[in-house]
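Heads up: the structure comes next, in structure tokens.
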Amino acid sequence: MISAFTGQQIRDAEQPLLDSGEGAVLMHRAAYGLAQVVAREVKSRRKLAGASVTVLAGKGNNGGDGLFAAAFLARRGMRTMAILTAGEAHPEGLAAFVAAGGRQLSLEAANVEELAVLCAGDDVIIDALLGTGARGGLRGASAELAAALQELHPRLVVACDLPSGLDANTGVVHWPVLDADVTVTFGGVKAGLMADPGEGCAGRVELVRIGIEDALEHCRPEIRRLASSDIGALLPDPGRRAHKYSRGVLGVVAGSPRFAGAAVLGVHAAALAGAGMVRYVGPREAAQLVLARTPEALWETDHPGRVQAWLLGSGVDGEEQLERARNAGASALAHELPVVVDAGALSLLPQRCPAHWILTPHAGELATLLTSLPSAGEVEVTRDDVESRPLHYVRQAAELTGATVLLKGATTLVSSPSGVVFSQSDGTAWMATAGSGDVLAGVLGALLAQSTELVRHDDGAYAALGLDPADRWAALAAVAASVHGRAGTLASADFEGGPLTASAIMRAVPRVIGSLNAEYDRTRP
Ligand SMILES: NC(=O)C1=CN([C@@H]2O[C@H](COP(=O)(O)OP(=O)(O)OC[C@H]3O[C@@H](n4cnc5c(N)ncnc54)[C@H](O)[C@@H]3O)[C@@H](O)[C@H]2O)[C@@H](O)CC1
Ligand SMILES: [K+]
């Protein structure tokens with residue numbers, strides 16, 4: 001699992017070392033690690049000697065890291081330039097840079113365009129303007145420089161610790177920001193690199209160890225991300241003596257005459273994700289299409305047999321089908337069954353949901369949900385609000401509803417009601433396509449039906465996460481988000497990275513589960 005921390009947690013972990021006079025050692029390690037990554041990136045494109053690098057250096061320690069890194073790179077034969085943006089710079093960093101033969105220029109309002117053009121053609125730009133000590137975003141000439149460079153599409157941008165202008169704690173972005181291809185972050189991943197819109201500006205994230213990692217191990221992460229080995233451990237294992245009922249039966253109230261496809265996709269995805277059986281509850285027109293695609297499913301109109309979990313809401317429209325979803329929800333509450341609450345069912349929430357109800361809104365649906373919640377104080381929340389501060393709103397929704405909330409996006413965030421957050425980003429942009437969410441709901445439903453006992457009583461992989469039982473549902477939802485994302489990436493790779501349909505994502509689900517299981521079997525302790 002990758003853990004991400006707030007800027008304050010990182011500073012707290014650094015403090016004892018700073019107090020014992022090791023600040024320079026920390027900076028040296030950070031700068032050396034940054035230089036190594038830059039050199040490797042440049043070498044993958046051309047010869048290092050003679051390649052050009054410009055470091056954009058602010059006045060704080062982030063600028064110091066950048067200047068020390070550029071000094072290393074100068075000694076390896078790169079042509080180095082520093083643009084000092086604050087009229088002053090980290091004194092030791094600047095001295096090392098000058099001693100290594102680096103050239104320095106000062107940014108002023110009058111030379112922004114000229115300097116942008118000058119460095120845009122470089123082999124690499126290091127963004128060391130602001131780090132974890134930033135208050136707000138870039139201002140004045142620095143902001144203009146970042147905006148001008150963004151327009152000029154530099155060849156390679158490496159962000160020092162985090163892209164400047166990104167809030168380390170939340171992923172909120174104060175525009176303009178120069179998008180990075182690679183972010184080299186120090187000591188611990190900053191939470192802002194695992195939540196959008198920040199993650200979208202960061203490129204690939206590389207962590208450099210600087211000696212504070214042991215101290216961070218005792219901190220509660222702000223955000224967690226499951227790696228493939230964690231997912232392999234958490235995926236349900238059928239067991240040799242399993243039968244279809246013990247495997248997990250999922251009840252699905254989805255689709256409607258108007259949106260029958262949602263039922264077709266949800267049911268089929270659930271079957272492919274390993275549900276022992278799927279009971280579809282809905283109108284005849286939709287059921288015929290569901291059974292044509294998934295003859296393994298059972299159709300039940302109004303009095304479904306026993307299930308271990310419910311999926312409610314994808315494509316649900318019209319009073320009749322809403323009523324079925326309402327009834328299934330009431331039965332789930334009475335029997336303490338877990339539920340995936342998607343799309344149309346998001347308007348049917350009880351006063352207070354249990355943590356084993358997992359809501360799966362996209363940003364627009366989350367905005368509508370939050371606006372409608374009396375406990376949110378009758379404040380209108382817009383889709384833009386959610387997209388600018390997804391970490392804040394996913395936590396708020398989970399806290400106010402009591403449910404686990406999975407907010408779909410390029411980076412999917414899942415929050416438990418107590419605020420434990422998982423972030424998964426395994427998909428491709430091609431997955432933003434009609435029906436993709438229905439597939440995710442089906443996968444999550446199937447995993448819920450198979451895993452309820454594990455989540456509640458397991459003393460293995462779920463317990464090893466060290467979370468309160470109520471927070472484990474968020475881990476399970478993160479597993480589903482990751483399987484879905486990986487299926488999209490795999491399916492797109494089948495088409496040389498080309499576009500996808502929801503059906504193609506769905507077809508890749510068994511392969512993803514199979515390969516995650518196989519990897520886990522090969523590597524487990
Ligand atoms: N503390 C340490 O020992 C270490 C710090 N490291 C680096 O230091 C960074 C944090 O350093 P700092 O705390 O100096 O913070 P920053 O380098 O982020 O910069 C803060 C400086 O910029 C000013 N500033 C804040 N917001 C601004 C804004 N919006 N526009 C313009 N100026 C602004 C502040 O007055 C302050 O002087 C980390 O991100 C990391 O890169 C690493 O070298 C590892 C060790
Ligand atoms: K930076």
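Whatever order the structure lists them in is the order used to number ligands and atoms, beginning at 1. All figures in this text were calculated on a predicted structure; none of them were measured in a lab.
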Run the ring pair (Phe, Tyr, Trp, His ring centres under 6.0 Å) check on Phe97 and His90 step by step: do they pass? CA-CA 10 Å; Phe97 176 75; His90 188 273; over 10 Å; no
Pi-cation contact, Tyr32 with Arg29 (under 6.0 Å, within 45°): no
Can you see whether Asp179 engages Gln150 through a side-chain donor-acceptor pair at a distance of less than 3.5 angstrom? yes
Sequence neighbours excluded, the answer for side-chain contact (heavy atoms from CB on, under 4.5 Å) partners of Ala477 is Ile358, Leu406, Val414, Leu444
Identify whether the distance between the nearest side-chain nitrogen and carboxylate oxygen of Lys408 and Asp342 falls below 4.0 Å. yes
Not counting sequence neighbours, which residues clear salt bridge (Lys or Arg N to Asp or Glu O under 4.0 Å) with Arg155? List them please. Asp123
Are any protein N/O atoms closer than 3.5 Å to the N/O atoms of ligand 1? If there are, list each pair with names and the distance to one decimal place.
unit_1	atom_1	unit_2	atom_2	d
ligand 1	1 (N)	Glu14	OE1	2.9
ligand 1	14 (O)	Asn61	N	2.8
ligand 1	15 (O)	Gly133	N	3.3
ligand 1	17 (O)	Asn61	N	3.3
ligand 1	17 (O)	Asn62	N	2.9
ligand 1	18 (O)	Gly131	N	2.6
ligand 1	18 (O)	Gly131	O	3.4
ligand 1	18 (O)	Gly133	N	3.1
ligand 1	26 (N)	Arg135	N	2.9
ligand 1	29 (N)	Arg135	O	2.8
ligand 1	29 (N)	Gly137	O	2.7
ligand 1	29 (N)	Arg139	NH1	3.3
ligand 1	30 (N)	Arg139	NH2	3.4
ligand 1	39 (O)	Thr132	N	2.9
ligand 1	39 (O)	Thr132	OG1	3.4
ligand 1	39 (O)	Asp161	OD2	2.6
ligand 1	41 (O)	Asn62	ND2	2.9
ligand 1	41 (O)	Asp65	OD2	2.6
ligand 1	43 (O)	Asp65	OD1	2.5
ligand 1	43 (O)	Asp65	OD2	3.0

Side chains of Thr412 and Gln424, donor plus acceptor under 3.5 Å: no
Taking Arg45 first and then Glu41, would you say they form a salt bridge - that is, a charged N and a carboxylate O separated by under 4.0 Å? yes
Flag for Thr185-Thr183: side-chain donor and acceptor within less than 3.5 Å: no
Within a distance under 3.4 Å of the K ion (ligand 2), the protein atoms of type N, O or S are Asn62 OD1, Asp127 O, Leu130 O, Cys160 O, Leu162 O, Ser164 OG
